[in-house]
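For reference, positions follow the sequence shown, starting with 1. Basis for what follows: all heavy atoms, side chains included, without hydrogens, waters or symmetry-related copies. Both counts, for ligands and for their atoms, begin at 1 and track the order of listing.
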Amino acid sequence: MSLHQLIYLSKASRALTSVDFLEILEVAKRNNASLGVTGSLFYNGGWFLQVLEGDVTVINSLYRRIEQDERHLQSQVIYLEPASCRVFSRWTMNMINLEKERDSKYDILVDVIKAATRGGLVEGLSPAVKLLKVFSSDHLFHSAC
Ligand code: FAD
C-alpha cells in the first residue's frame, strides 16, 4: 500500500439540509471502512473541503466517484501527496460543519477554506498543508502520526 492524502475543494450544488449531511456521512463511513480510507469533511459557506487518506489507487478511484456526485460541483484536487502516517486515523470519515459548530479550530478552519477558494495562503502555508498541520498536532486526531 502506498499511503497518500488527497484533499479536494468543491462547491455545494444547492442548500444542503442536515439530512443531506447525515446521508453523505453515513455512506462515506460505510464505504470508507471497507476501503481502508480515513479522513474528514469540512463545510462552510457552501464549500466542501475533504481529506481522503489511504492507498493512492483507492483514494484516486474513490475521488473519481465522489466528484461525480450531484450534491457538489467545481470539484478540484488541491493536494495529493504521499504520507508517512494518517492524520485522521480514528475516522473512516469525520464531518465538521462550521456553520453549525464553533469549536476551538473554528477561526483557522474558516481561514483555510476561504484561502482554498481564493487560491491564497494561510500563515504562509498552502491551505491543504495548514489543514493537515492543524490536525497533526491535535491529540484527539493524532493517533498514527
Ligand atoms: P448508494 O447506496 O448508491 O447511495 C447511498 C445513499 O446516498 C442513497 O440512498 C442516497 O440517499 C444517497 N445518494 C447517493 N448519491 C446521491 C446523489 N448523487 N444525490 C443525492 N443523494 C445521493 N462516498 C464515499 O464512499 N466516501 C466518501 O468519503 C464520500 N464523501 C463525499 C463527500 C461529498 C461532499 C459528497 C457530496 C459525497 C460523498 N460521498 C462519499 C458520496 C459519494 O459521492 C457517493 O454517493 C457514494 O460513494 C455512493 O456510494 P454507494 O454506491 O455505496 O451508495
Side-chain angles (χ1 to χ4, degrees), residues 1-103 105-120 122 125-138 140-145:
M1 168 165 115
S2 175
L3 181 66
H4 277 60
Q5 288 162 323
L6 183 156
I7 303 181
Y8 73 83
L9 174 75
S10 66
K11 195 162 183 30
S13 54
R14 57 181 166 83
L16 297 172
T17 64
S18 47
V19 173
D20 291 318
F21 287 117
L22 265 181
E23 275 183 6
I24 291 170
L25 188 59
E26 287 310 310
V27 172
K29 280 182 175 170
R30 188 187 69 213
N31 290 343
N32 296 358
S34 66
L35 295 171
V37 170
T38 52
S40 190
L41 178 61
F42 304 90
Y43 180 81
N44 191 50
W47 291 92
F48 287 110
L49 198 60
Q50 187 173 24
V51 184
L52 299 171
E53 304 177 312
D55 179 72
V56 65
T57 313
V58 171
I59 57 174
N60 270 319
S61 124
L62 175 61
Y63 173 70
R64 280 195 293 276
R65 175 148 50 104
I66 294 172
E67 73 170 336
Q68 285 163 20
D69 195 306
E70 293 156 3
R71 290 169 284 193
H72 63 171
L73 36 86
Q74 296 173 24
S75 180
Q76 51 174 302
V77 174
I78 60 167
Y79 182 91
L80 175 59
E81 295 290 338
S84 54
C85 56
R86 292 174 189 256
V87 171
F88 299 95
S89 56
R90 289 182 57 180
W91 311 95
T92 52
M93 191 47 58
N94 174 54
M95 181 178 279
I96 299 184
N97 181 346
L98 294 162
E99 292 182 357
K100 301 274 179 214
E101 296 170 50
R102 227 194 147 92
D103 71 2
K105 295 189 189 56
Y106 178 86
D107 290 334
I108 190 70
L109 291 175
V110 167
D111 286 350
V112 161
I113 294 179
K114 277 190 185 154
T117 63
R118 294 180 189 142
V122 187
L125 298 173
S126 79
V129 169
K130 183 66 191 177
L131 180 69
L132 294 172
K133 218 172 152 56
V134 165
F135 285 96
S136 297
S137 56
D138 185 327
L140 184 67
F141 290 82
H142 177 64
S143 53
C145 275

Q.
If you define the side chain from C-beta out and look only at heavy atoms, does anything of N31 sit under 4.5 Å from L62?
A. no
Q. Any side-chain heavy atom of Q74 sitting closer than 4.5 Å to one from W47?
A. yes
Q. At under 4.0 Å between heavy atoms, which part of L62 makes contact with ligand 1: side chain, backbone, both or neither?
A. side chain
(Q) Please determine whether the number of non-hydrogen atoms from other residues, nucleotides or ligands lying under 6.0 Å from atom NZ of K11 exceeds 12. (A) yes
(Q) I want to confirm something. Looking only at heavy atoms, which of E70, Q50, E67 is nearest to atom 28 (O) of ligand 1? (A) Q50
Q. Under a 4.5 Å cut-off applied to non-hydrogen side-chain atoms, are D55 and H4 in contact?
A. no
Q. Does L52 have a heavy atom less than 4.0 Å from any atom of ligand 1?
A. yes
Q) Between the candidates M95, R65, Q68, which shows the shortest non-hydrogen contact distance to atom 47 (O) of ligand 1? A) R65
Q.
For the residue pair T92 / N32, report whether a side-chain donor-acceptor contact shorter than 3.5 Å exists.
A. no
Q: Would you indicate which of V27, T38, L49 comes nearest to atom 4 (O) of ligand 1 when only heavy atoms are counted?
A: V27
(Q) For atom 19 (N) of ligand 1, tell me which residue out of R71, E26, M93 has the closest non-hydrogen atom. (A) R71
Q. Would Y8 count as a contact of ligand 1 if the rule is a heavy atom under 4.0 Å away?
A. yes
Q) What is the nearest protein non-hydrogen atom to atom 18 (N) of ligand 1, stated with its residue, atom name and distance? A) D69 OD1, 3.3 Å
Q: Around atom 29 (C) of ligand 1, find the nearest protein heavy atom and jot down its residue, atom name and distance.
A: I66 CD1, 3.4 Å
Q. Does any non-hydrogen side-chain atom of V51 lie less than 4.5 Å from one of L132?
A. yes
(Q) I'd like to know if D20 and R14 make a salt bridge, using a cut-off of under 4.0 Å between side-chain N and carboxylate O. (A) yes
(Q) For ligand 1 and R30, I'd like to know whether there is a polar contact (N/O to N/O, distance under 3.5 Å). (A) yes
Q) Between the side chain of Q5 and the main-chain N/O of Y79, is any donor-acceptor distance below 3.5 Å? A) no
Q: Considering heavy atoms of the protein only, find what lies nearest to atom 26 (N) of ligand 1 and give residue, atom and distance to 0.1 Å.
A: N32 OD1, 2.8 Å
Q. Going by the order shown, which atoms of ligand 1 are within less than 4.0 Å of some heavy atom of I24?
A. 31 (C), 32 (C), 33 (C), 35 (C), 36 (C), 37 (C), 38 (C)
